[in-house]
Number of protein chains: 2
Amino acid sequence: MTETHQTHGPAALDVTGVVDPSSAPSATDQASLSELRDIPQATVTRLATYLRVLGVLADRDTTTVSSEELAAASGVGSAKLRKDLSFLGPNGVRGVGYEVARLHARIAGALGLDRVHNVVLVGVGNLGQALARYPGFARRGFSLVGLFDSDPERIGVSVGDLVVRHVDELEQACLELEATLGVISTPDEAVQEVADRLVRAGLRCILSFSPTLLDVPDNVETRQVDLAVEMQVLSFNGARNIENGPSSSASSSSNSPSSTSPRNGSVIAP
Amino acid sequence: MTETHQTHGPAALDVTGVVDPSSAPSATDQASLSELRDIPQATVTRLATYLRVLGVLADRDTTTVSSEELAAASGVGSAKLRKDLSFLGPNGVRGVGYEVARLHARIAGALGLDRVHNVVLVGVGNLGQALARYPGFARRGFSLVGLFDSDPERIGVSVGDLVVRHVDELEQACLELEATLGVISTPDEAVQEVADRLVRAGLRCILSFSPTLLDVPDNVETRQVDLAVEMQVLSFNGARNIENGPSSSASSSSNSPSSTSPRNGSVIAP
DNA sequence: GTCTGTGAAGGGCTTCACAGCT
DNA sequence: AGCTGTGAAGCCCTTCACAGAC
């Protein structure tokens, strides 16, 4: 009852989280204006994953990693990983692999994570409080700098290091705090108004946890996390798996763990 | 400071959430074994969105909707919507549109949501508690039936309607509760062990909020929600928007609000 | 005339397989 | 010999445009 996994095959390197913010070495790769274009959307999403895995490897003082290993630890195929990285230009050494610290810095630079992003969070209910206390938040390049709500009972309450302020101060505070990213975890009815305020305050990036469709100007980037959609897609795919018979073809969603060489055991120990 | 949006164009129908679980009419469309195949992954994800919007429309006693309207309210193009629906067979009436209740039932059936799914949640920390109290959870076909944790201080505590049980009871309880979907919101270190237990208990669908890569058998479907990845992708796309100049080309992520007829005002009022 | 359903064209992403560097 | 970087092939998805039903 207490033993952990033992029947597990492909997931090499056993990356289990936990990064500390001390890794970037010398290479100060600034996102050089032209790299931003031409990186496929799907690749951008995976780069963020590689970045996290590289952080874990750096913490373990792993200095070098091959595409095969990094791919396995990230849940993708090695060819896909190399293709993804190729959009950033040459990153590794042929016959050897990638230098962990260098590649980490390279990706962070490309994603614009060499500078810290200030985040404001609006809606300090159950979910908002949980988000405000989420440690991985700060650990991956984001600094929570403001909490806002409209409920008088919540104003002035401390959550983590911050004190909840009234949402009427939002526009003003965003400017003072130099916020660049807004997170909305209010009830559905308030979402659009909050989004409008964030836009008015000059924010260009909004993450919403409401299923409501946000209506914002073209130059504002939004992203939604809808829990119910995730679960519905999940259960459908689960049903399909059983239907199709539990043979090959791997899964499907965000990560496609179709390892290139199926079930060949450890990839870390050659 | 108190007025809401006024410069907003395309998002017609202004769907703002809130569904109640009283809609399905006569058509008991069972997922008929062959429909499961051949539905593109991207389509499945959007079907879940359409389903939610249709729920909202049903609540408003809207009986009929055109592809143009439903598409606008869902943040997609009308052609894409029609193509998506076509995978379920004929659903509408030419020259008229779709009957809301009928289409809702049709999609729900196709996604396997005509039966309720029992969900167990493991890890009742900040995030876990927020999830446990999330109302939209139950409102969209999922019933939370069990809460588990390993921290002695949390065992026996009530969250919502449920009492937190020890994670050692997990396998046994999953069988008794007839759970079909597991949600993991534990610290990263515990995620793999919890996943192993869920698999052992026969669950085929796992939703994880940890960035850790899950290693599970092929017939188990997993899905991850990684907050940091969402924010990193968001901020990158935001930077790219500014770089490219705030012209056309709309956004990019989950929803692509590229309305077919750009900025033509209300679609709901003909 | 209106609006759905769909073949066909087009674009983007993935996979393959190998050239090229160490 | 080993491993990266990359053209090319293939696949999936999106978009177009129109035939067909009402």
Side-chain angles (χ1 to χ4, degrees), chain A residues 37-47 50 64-72 74-100 102-103 106 248-262 267-268 270, chain B residues 37-47 50 63-72 74-100 102-103 106 233 248-262 267-268 270:
Chain A
R37 297 176 205 272
D38 304 331
I39 300 186
Q41 188 59 45
T43 294
V44 172
T45 306
R46 286 186 301 261
L47 285 177
Y50 307 149
T64 287
V65 69
S66 73
S67 67
E68 198 76 41
E69 293 166 327
L70 182 53
S74 305
V76 303
S78 63
K80 193 187 283 189
L81 177 127
R82 288 199 302 277
K83 182 61 118 184
D84 284 341
L85 295 182
S86 77
F87 289 104
L88 309 182
N91 293 286
V93 181
R94 301 185 189 217
V96 179
Y98 301 96
E99 193 193 332
V100 171
R102 174 158 185 73
L103 185 55
R106 189 81 190 80
S248 56
S249 82
S251 60
S252 42
S253 52
S254 3
N255 51 356
S256 50
S258 52
S259 54
T260 312
S261 47
V267 185
I268 189 179
Chain B
R37 295 176 207 273
D38 304 330
I39 300 186
Q41 188 58 45
T43 293
V44 172
T45 306
R46 285 187 301 261
L47 285 177
Y50 307 149
T63 57
T64 287
V65 69
S66 73
S67 66
E68 198 76 41
E69 292 167 328
L70 182 53
S74 305
V76 303
S78 63
K80 191 186 285 189
L81 177 127
R82 288 199 302 277
K83 183 62 119 183
D84 284 341
L85 294 183
S86 77
F87 289 103
L88 309 182
N91 292 286
V93 181
R94 300 184 189 217
V96 179
Y98 302 96
E99 193 192 331
V100 171
R102 174 158 184 71
L103 185 56
R106 189 80 190 80
V233 172
S248 56
S249 81
S251 58
S252 42
S253 51
S254 358
N255 51 356
S256 50
S258 52
S259 55
T260 313
S261 48
V267 185
I268 189 177

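Every chain is numbered from 1, with letters handed out A, B, ... down the list of sequences.
Residue B:Ser66 has no polar side-chain atom (N or O) positioned under 4.0 Å from OP1 or OP2 of C:dC3. For A:Ser67, a side-chain nitrogen or oxygen approaches OP1 or OP2 of D:dT4 to under 4.0 Å.
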Pairs: protein N or O with nucleotides 17-20 of chain C N or O, under 3.5 Å:
unit_1, atom_1, unit_2, atom_2, d
C:dG20, N3, A:Arg94, NH1, 3.3

Could you go over nucleotides 7-9 of chain D and give all protein N or O partners under 3.5 Å, atom names and distances?
unit_1, atom_1, unit_2, atom_2, d
D:dG7, N7, A:Lys83, NZ, 3.4

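B:Ile39 has its CD1 atom 14 Å from the P atom of D:dT14, to the nearest Å. In this structure, A:Arg46 atom CZ and C:dC13 atom C1' are separated by 8 Å, rounded to whole Å. Look at NZ on A:Lys80: it is 13 Å from P on D:dC12, rounded to the nearest Å. Rounding to whole angstrom units, CG of residue A:Leu85 and P of C:dT14 are separated by 13 Å. Whole-Å rounding puts the A:Arg106 CZ to D:dG5 P distance at 11 Å. If you measure from atom CZ of A:Phe87 to atom P of C:dG12, you get 12 Å, rounded to the nearest angstrom. Rounded to whole Å, the distance from CD on A:Glu69 to C1' on D:dT4 is 14 Å. Atom OH in A:Tyr98 sits roughly 13 Å away from atom C1' in D:dG2 (whole-Å rounding).
Scanning all heavy atoms of the two residues, the minimum distance from B:Leu70 to B:Leu81 falls at CG-CD1, 3.7 Å. B:Thr64 approaches B:Val100 most closely through the heavy-atom pair N-CG2, 3.9 Å. The shortest non-hydrogen separation linking B:Ser78 to B:Ala71 is CA-CB, 3.5 Å.
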Without placing hydrogens or testing angles, list every side-chain donor-acceptor pair under 3.5 Å for residues 83-94 of chain B, not counting sequence neighbours.
unit_1, atom_1, unit_2, atom_2, d
B:Asp84, OD1, B:Thr43, OG1, 2.8
B:Asp84, OD1, B:Arg46, NH2, 3.0
B:Asp84, OD2, B:Arg46, NE, 2.7
B:Asp84, OD2, B:Arg46, NH2, 3.4
B:Asp84, OD2, B:Tyr50, OH, 2.7
B:Ser86, OG, B:Lys83, O, 2.6
B:Asn91, ND2, B:Leu85, O, 3.0
B:Asn91, ND2, B:Gly89, O, 2.6

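Comparing B:Ser86 and A:Pro40 against DNA chain C, the residue whose closest nucleotide sits nearer the 5' end is B:Ser86.
The side-chain hydrogen bond (donor to acceptor under 3.5 Å, both in side chains) check on B:Thr45 picks up nothing, with sequence neighbours excluded.
Between D:dT4, C:dC13, C:dG5, one nucleotide has an atom nearer to the side chain of A:Ala42 than all others, and that is C:dC13.
Interatomic distance, OG of A:Ser67 versus NZ of A:Lys80, reported as 14.0 Å (0.5 Å rounding).
Using a 4.5 Å heavy-atom cutoff, the side chains of A:Glu69 and A:Tyr98 are not in contact.
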